[in-house]
Amino acid sequence: MTSGAVPEPTIDDDPRIGEVLLTEQQIRERIEQIGQQLSQDYEGEAPLLVCVLRGAYVFLTDLARAVNLPVEIDFIAVSSYGSSTRTSGVVRLVKDLDVDLSDRHVILVEDIVDTGLTLRYLRRSLEARNPASLEVCALLAREKADTDGLGVRYVGFRIPDDFVVGYGLDAAERFRNLRYIALYREDGT
Ligand code: 5GP
C-alpha cells in the first residue's frame, strides 16, 4: 500500500540483485529473432517445445508466442543436488513428460547451459524415446560452454561465469519474476 511520499520498496531494490546483464528489451528483441528463426527452420511442422522446469518457464512462454507455428508444449523437471549457486554433478528426473515423443520434432528449451551436465542427461533421456528430431534452444550459455559439442542449435546470449538471476532463473527459488537478468550477489554487497 502506498502512504505519503516515500515510495514502497520494489523487488528490484533487493541488495542481492547486482548489475543488470540483459535488459527486458534486449531479451524481448533476441527472443523475437529466435522465434523467427524457428518459424523458418520448422516451416510446415508442429514442433513440440519441451520446457525444462523451473528455470526456462518464462523463456518458454515468450518464445512460444514468438514462433509462428502450431507448437505444442510439455514440461520436464530435473534437479541437481547442491547449494543455491553450485550444482553437485548429480542430475535427477523430478517430473517426466506427458507427451509421447516418437516421430515428433522436439525442441528442448533450457534456461542456461553451464557445465552441460543437465543437457547431456536430458539429451540421453529424450533421444531414447525416438523423436523425429531433437534440437536444443537455450536462452543463455556460458562463454566457456562447448555449445557445438553439446548440440545446442539456438543460443540467446553468451554470458560470463557469474551466477545470474531473473527472467525465470532463481537463487534459492527467489528472483524468478524479475523482468531482466542480473548478477546475483549472495552477500548483498
Ligand atoms: P549445467 O548442468 O549446464 O551445469 O547447469 C545447468 C543448470 O544449472 C541450469 O539449468 C540452471 O538451473 C542452473 N544454473 C547454472 N548457472 C546458473 C546461473 O547463473 N543462475 C541460475 N539461477 N541457475 C544457474
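FYI, the numbering just counts along the sequence from 1. Start at 1 and go down the list; that is how both ligands and their atoms are numbered.
The residue from R120, E110, R142 that puts a heavy atom closest to atom 17 (C) of ligand 1 is R142. By heavy-atom distance, the residue among T115, V78, I112 lying nearest atom 24 (C) of ligand 1 is I112.
Ring planes of Y42 and H105: perpendicular class, angle over 60° (limits at 30 and 60°).
Proximity of D111 to ligand 1, defined as any heavy-atom pair under 4.0 Å, is confined to the side chain (atoms from C-beta onward).
In this structure, R129 pairs ionically with D96, as a charged nitrogen and a carboxylate oxygen lie closer than 4.0 Å.
Between F163 and ligand 1, a contact under 3.5 Å exists for no N or O pair. Distances between N or O atoms of V164 and those of ligand 1 include at least one value under 3.5 Å.
Closest heavy-atom contact between Y121 and R92: OH-C, 4.2 Å. Taking all atoms of both residues into account, the shortest heavy-atom contact from E143 to R158 is O-NH2, 3.3 Å.
Contact between G55 and ligand 1 is absent, with no heavy atom of the residue lying under 4.0 Å from the ligand.
Close contacts of ligand 1 with D170, meaning ligand atoms under 4.0 Å from a residue heavy atom, involve 21 (C), 22 (N). Every atom of ligand 1 is numbered from 1 in the order shown, and the set under 4.0 Å from a heavy atom of T118 is 1 (P), 2 (O), 5 (O), 6 (C), 7 (C).
Evaluated for a side chain to side chain contact (heavy atoms under 4.5 Å, CB included) with P9, the options I11, V6, D13 yield exactly one hit, D13. Each of I17, D170, V165 was checked for a side chain to side chain contact (heavy atoms under 4.5 Å, CB included) with Y184, and the lone residue meeting it is V165.
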